[in-house]
Structures are given as C-alpha cells and as structure tokens.
Number of protein chains: 2
Amino acid sequence: MSKQPGRQKGPVTSRDVARLLGVSQSMISRAFDPRASVSPANRTRIVEAARALGYEPNVIARSLATRRSSIVAIVMGSMENPFYTGVLDQLAQALDEAGLRSLLFRVPPGQDVDDQLPALRRYNVDGLIVASASISSRIAAEWRRDDRRVVLINRTVPDASVASISCDNCGGGRQLADLLLDSGHKRLVYVAGPRNTSTNRDREDGFMEGLMERNAGLVGRIDAGEYSFNAGAAAAHRAAALKPDGIFFANDILALGGLDALRHELRLQVPKHVSVVGFDDIEMASWPSYRLTTIRQPVSEMVSSAVAAVAASATAQANSISLPGLLVERGSVMRRHGM
Amino acid sequence: MSKQPGRQKGPVTSRDVARLLGVSQSMISRAFDPRASVSPANRTRIVEAARALGYEPNVIARSLATRRSSIVAIVMGSMENPFYTGVLDQLAQALDEAGLRSLLFRVPPGQDVDDQLPALRRYNVDGLIVASASISSRIAAEWRRDDRRVVLINRTVPDASVASISCDNCGGGRQLADLLLDSGHKRLVYVAGPRNTSTNRDREDGFMEGLMERNAGLVGRIDAGEYSFNAGAAAAHRAAALKPDGIFFANDILALGGLDALRHELRLQVPKHVSVVGFDDIEMASWPSYRLTTIRQPVSEMVSSAVAAVAASATAQANSISLPGLLVERGSVMRRHGM
DNA sequence: CAGCGTTATGCATACGGATGCAAATGTGAA
DNA sequence: TTCACATTTGCATCCGTATGCATAACGCTG
C-alpha cells in the first residue's frame, strides 16, 4: 500500500505530462492540436515527454469535450451476401487509413434500421455509413441537424441531406440486356431480388428498358425473394419451367445458386442450354466452376467515395454519385445460333 | 435567434430531466442504475420524464466516469478467408445481444497486431476479441492489469491471462486421417497453410499423428503459404505431380481452390481420381459444385464462448477451451478399391 | 416519544481534455 | 526607449455522468 505519488494507478494523463514539464495542462492539449499556437520549442519538449511517459490522449475525454469521436458507424443489413463482406472489409481499411474507427452495427434481419440509430447517437459517432439497408428521411434529417454525415451505399433516399454512393445499377442492367440480345438470346427470364431494394429495382428497370428499346421482352419473371444462394437455386427451378435460353439473376449470389441448380439438379448445361448472368462480381464469380459473366461494381471507388463523404466538412454539399459498372465476360453466356 | 430556455441546442442531458422534475442530477443517474437506491415512485417518474424528453444517457460521458465503455474491439487479421467473415457476422450479432458494441479493427496484412493495440486502449474498450491473428503476451499482460479481457479465437498464447477459444484442430486432423485411411487411400498429401498459425500447426499435427498411429505416412507435403483460393489452386498443381489419391488442404478455401484447379486445370476427377478434404466448413463447401467433405467448426458455440469470456467478471478465471469439430461427409472423398 | 437503523436524496467532485479569455511575453516600428 | 501588435501561456470552466459522503426522511422498537 505505498502511497508514493510517482506510481499512479490509472493511465498517464495530460496533467501528468504537464506536471513533469512544469507547464499547464492546456499546453499539453494544444501541443497535440496542429492548429493551436504553441512555441516550437515547447511542442517538441512536450511530444518527447509524452512519449517518454507513454502518454496518449484519451479519446473518450476528447469526445466528451468536442462532441465528436472520430468514430464512424457502419450499419450492415444482411451479411449473407458476400458482396457486402467485401465492402465491409474495404470500408474498415479505408476508414482506418483516414484515421477513423469503425463501430459495426449488424441489423438483425426483420429489424428496422431506424430503431437502432438513436442508440448510435449516444456514442457521438461522427458519421454513418449504411450498406445493404435503408434509412428514413426523418432520421436522416436529425443526423444532419447535428452535423453528422450519413452515407448510403447502393441505396437512395429522397432527401438531399444524405449522400448516396451507388453503382449505376440501371446502366448495368442495360449492358446485360444488350449482351444477351447481341448474342442472340430469345427467351429471357429475370430473377428478381428483394422487392424493396433499389439495387433490384434499378437493375430490373435498366434491363427492361434495354430490352424494350430493341423490341424484345421477357419470357418470365421470377421473384427470388431474397439475395441468397438457396433462393437462387429455388428460382432456377421455377425459371427452368419457362424453357429460357438466358437468365439474368439480380445479383451474383443468386446467379451462383441458380447456376448450380441448373447444372446439378436440372441437368442443364450452362451456357450451352441456358446462359446466366449476374451482378456484383463477387469473388466466387471468377472461380473456375462458375466463370460467371457479370457486372463488376467498382467497390474500391465506392468505398473511397463513401469515406470521403463521411469525412467531408460540414459545409460540403451532400450529393449522390453513381459509378459505372464494368461488364466482365466470362463463360456463362453463349452466342446463340441463327441470329 | 430566440433565446428561450425551452429549446436548447444540444441533446437532452440528465440535468434537463432533473430540472424538469425538481430533483438532483444524481438521482437521474441513479434511476438508471438498477443497483442504486431510488424510491420506486421517483424511479417511475424519472423514467417517464426521460422518455418524454427523449433523454438517453450519453455513453461517452459515462465511459469517462466509469472507465468502461461497453465496447468490445474485434481484431481481424485477414478477411480473405470467408470463414472469418462468418465469425465476424455472428460475433457482431452476439455482442449486440449482450449489450456490447463492436469496434472493428482490421489489421492490414504484414502489419503487426501489437502495434495497433495501444491505440485501442484510448477508447476504453472493455475487451478484445482477436480472430485470425495473434498477440504478444506482454500486451496481454498489460490489458489484464487494467482488467480488460482478451479472448483469442483459434489461436493460443502461452499466457494464462488470455482466454482462448478454439476448435479442436488437432482432433479434426485425426478424424480426417481416419476417414482417408478407412476409405483405403494410400498416397496422401498435406497442403499446409501459413506456418505461423496454430490452426495450421494443430491440424497438421493431428493428421500426422492419426496417420502414424496406423503406420501410414505422406507422399508429400506442400506449403501453400497463405489461406486463399489461389494459393490452393497453385498448391494443387504441385500436389498433382505427386500422383496423390487423397489431399488434405489445411482449410476450406484452399481446398476449394485446389479442387477447382484439379478439375478444371489438371483435368482430374474429384473424387474419382483424387479425394479432397478441407477444414472449417465454410458456406461454399456445401455448394453443389464442390460438395466438400470437411470438418465443421462449431462457430456458434465458439462465438458464444468468446462473448461470454469478454463479458465475464474480472474475477473469473481466463481459460482456454477447445470445442470438437464435426466431420461433414459430402462428395469429395471416394472409397478406394482393394483395401 | 426517544433512540436507532434503513433508505432516499443532495452536494461536491472526479473522469481527461478542449477552449474562450485575459495576462504575459516577445517583436518591430517610430 | 516607448507604444502597438502578434504570439505564447495560464486560468477557469465546460462537456455529461457516476459516486463517496453527509444529511434528511422514514420506519420500528421499547
């Protein structure tokens, strides 16, 4: 039970450094703020002493005083779709490089994102990146009022205060329509994802427009209900009944499930009997068993834009940007005879 | 520019509630602490008033006062291995259910985890769950001293103060050895993952022991270098030169890459010409194109144990637990003739 | 009704840094 | 040398909640 002042209990604080150097605590604080005015000599002394003592500013205390935290919340809806695990991975890394921490929120399926968000504000998070889920404009407005940025990935919301970064889902759908038509497909089926997602809506719209512009149409439309491998397989069974020669699955994970069902359960050859295309270009799409032709979403660009948007100064205009997807042709589409 | 006291700038604080009710701020604080003594009548009044005003305790301020944060840091090494994205997903969910938030740390490849950890302490995180990476015992000791729990998933460290949850990798390796031997395989190859991972070491050890107990051996050992699809494919090429009739890849993602290379690049049939087994049971292992026989790690149990361990009271003993894996037989192993 | 043990409440202060303002110091021009 | 002005520094206070200690209110027993 020695009570020497030398060995304190807790971690080193700015006051410890101040005492050692015989200066005020404020100066320590300022020494770590690049914009503050501290004489160069003292700044050096302080930084050295701080390192010697093992002092690191306490982020919590700082956050209490400044009302900002350098923490960005990442809200993920489903993680079933591998596309979003990739996004998450890159997001975490990009935020880290921007000096921001990521607080991860998984929204349980069925739960509403909006309900979780008030809890988030108690953490003073500086911003919010929402992937694979949406958000009400009421909530968005609240956050904006507090000067907290919110960025949606692949979703949009009719409110100018929230930034939104998407792949050009509509344009991608068109490209796929052109591809299938150019290679002579006549009996096309669209397998839709969840109704309420803008990714699904835009891809479908683009595809249909592309078809209609060339006076083509669908032989059928199947509702897969959710973005998952099994849903894709189930949809493939229903699609097969329509004798299609080409199927556009609303995303890759559906397409992969569909492709496997087509080949292994329905004994159909892909692309010989049916062509299959997807959307996203998840890693597995390139695996030799699949070689799926698809649209690649520019994930890195989307992630950098998202991070730039949350980190943006308050005055910056929140805007929606849409990045073009890239058609990646692999082996799941075949040129049809007699066109 | 009205200056009415009614409409404040910032969020509602405990003092606002106190003022409204004409009681002290401490009472508000205590009303939200189940162990504190507050008269039932007042507790009710306070909770109601709080809800009416939209008051929510500020977690940052609380954290500053209590030195705890209800935040757990999840440190992930590589996210290339899909197994860990599954773990992450479940972890985030389980922590959430335990009332804990997850701060996600991605350790860039090549970077040392230890270097990142001091930064973490500035966030007052209550605990640390490390997956797919290790940690030095010096750091572990520091955290323990501050009464911060650290839990390793699928790694161990020679220090009793850190809890460690693993799948019984060794036992899994044995099971696979038995399976391959029982089904008459004679020319076995082991494809190793990263040298410094305990998962790889234990699986290999278990496999070799299983082999040796029955006087069998390897026809060769290939070093894949890392846990990735492409590394598996590359390893398969080298393994094929050895004319094996069975290959144990240190984990599923390697096995999948290997399997595809075997089939599509080396024109070998699996399992007819070569049997293939992996470890983890990632989702893709069950896809019809692969139907990989593998050992399933009990992810849910591992995750619950990990969460229980970080949430445990300080007095609880940190211990290492090892959960058995389950052999999942699918279609990538064939019974060999003449045994 | 006095005397005592509980329970409820308020007061004051701590947690660790940030920051507006005033005081002190330094610089240059006249 | 003196005064005006810019740069450094320190003081005091705030951010929002938790909590030890003292006090007030309450219930019970004899």
Side-chain angles (χ1 to χ4, degrees), chain A residues 8-47 49-50 53-71 119 121-126 146-147, chain B residues 8-47 49-50 53-71 119 121-126 146-147:
Chain A
Q8 292 270 67
K9 41 172 183 170
V12 189
T13 73
S14 61
R15 271 177 252 266
D16 296 329
V17 182
R19 203 175 310 123
L20 176 69
L21 261 38
V23 298
S24 71
Q25 176 267 329
S26 350
M27 190 166 287
I28 311 299
S29 172
R30 287 196 249 258
F32 287 91
D33 179 352
R35 308 164 308 177
S37 115
V38 176
S39 74
N42 270 336
R43 203 187 285 266
T44 315
R45 282 176 63 211
I46 291 175
V47 170
L53 290 183
Y55 167 72
E56 306 221 27
N58 180 311
V59 189
I60 299 291
R62 170 180 297 163
S63 174
L64 183 59
T66 61
R67 292 154 159 282
R68 338 221 94 238
S69 60
S70 296
I71 294 182
R121 313 189 54 228
R122 316 200 289 173
Y123 285 87
N124 284 7
V125 302
D126 291 354
D146 288 359
D147 186 24
Chain B
Q8 292 269 69
K9 42 174 181 170
V12 188
T13 74
S14 59
R15 263 178 263 267
D16 295 330
V17 183
R19 203 174 310 125
L20 177 70
L21 260 38
V23 298
S24 71
Q25 176 268 329
S26 346
M27 189 165 277
I28 311 300
S29 173
R30 288 196 248 258
F32 287 91
D33 179 353
R35 307 164 309 177
S37 112
V38 176
S39 75
N42 270 335
R43 204 186 283 268
T44 314
R45 281 176 66 211
I46 291 175
V47 171
L53 290 183
Y55 166 72
E56 305 222 29
N58 181 312
V59 190
I60 298 292
R62 170 178 299 165
S63 174
L64 183 58
T66 60
R67 292 152 157 282
R68 337 221 93 239
S69 60
S70 296
I71 294 183
R121 313 189 54 226
R122 316 200 287 171
Y123 286 87
N124 284 7
V125 301
D126 292 353
D146 289 359
D147 184 25

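Predicted model only: the values in this text are computed from it and were never measured. Note on naming: letters A, B, ... go to the chains in the order of the sequence lines (proteins, then strands), and numbering restarts at 1 for each one.
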Just by distance, do the side chain of A:Asp126 and the backbone of A:Ser69 share a donor-acceptor pair under 3.5 Å? yes

Rounded to the Å, how far apart are A:Leu64 CG and D:dC15 P? 9 Å

Smallest separation among heavy atoms of B:Arg62 and B:Pro57, with atom names: NH2-CB, 3.3 Å

Can you find a heavy atom in the side chain of B:Val38 that is under 4.5 Å from one in the side chain of B:Arg30? yes

Exercise: identify the closest heavy-atom pair between A:Pro11 and B:Arg67: CD-NH1, 3.5 Å

Between the main-chain N or O of A:Pro40 and the side-chain N or O of A:Thr44, is there a donor-acceptor pair closer than 3.5 Å? yes

Specify the separation, in whole Å, of atom CZ of A:Arg19 and atom P of C:dG16. 11 Å

Roughly how many Å is it from CG in B:Leu53 to P in D:dG16, rounded to a whole number? 15 Å

Whole angstrom is fine here: how far is it from CG in A:Asn124 over to P in D:dT17? 10 Å

Inter-end axis angle, the helix from C:dC1-D:dG30 to C:dA30-D:dT1, with every axis fitted to five base pairs (rounded, 10 degrees): 40°

Side chain to side chain contact (heavy atoms under 4.5 Å, CB included) between A:Asn124 and B:Val59, intermediate numbers included: CA-CA 8 Å; A:Asn124 284 7; B:Val59 190; over 6 Å; no

Test log, rule side chain to side chain contact (heavy atoms under 4.5 Å, CB included), inputs A:Ile71 and B:Tyr123: CA-CA 10 Å; A:Ile71 294 182; B:Tyr123 286 87; 3.9 Å; yes

Nearest heavy-atom contact between A:Gln25 and A:Ser14 is CG-OG, 3.3 Å

A:Arg68 CZ to D:dC15 C1': how many Å, rounded? 14 Å

Protein-nucleotide distance (B:Asn58, atom CG; C:dC15, atom P), rounded to Å: 18 Å

Rounded to the Å, how far apart are B:Ile60 CD1 and D:dC15 P? 16 Å

Report yes if a side-chain nitrogen or oxygen of A:Ser14 is closer than 4.0 Å to either non-bridging phosphate oxygen (OP1 or OP2) of C:dG17; otherwise report no. yes

For B:Tyr55 and B:Val12, the nearest pair of non-hydrogen atoms, with its separation, is CD1-O, 3.4 Å

Per-nucleotide protein contact string for nucleotides 18-25 of chain C, where B marks a base within reach and S marks sugar-phosphate only (heavy atoms under 4.0 Å, - for neither): BBB-----

May I ask you to verify if any side-chain N or O of A:Thr13 is less than 4.0 angstrom from the OP1 or OP2 atom of C:dG16? no

Residues within residues 37-45 of chain B bordering DNA chain D, heavy-atom distance below 4.0 Å: none

Would you check if the side chain of A:Ser63 reaches a backbone N or O of A:Arg68 as a donor-acceptor pair within less than 3.5 Å? yes

Is the shortest distance from a Lys or Arg side-chain nitrogen in B:Arg19 or B:Asp16 to a carboxylate oxygen in the other one below 4.0 Å? yes

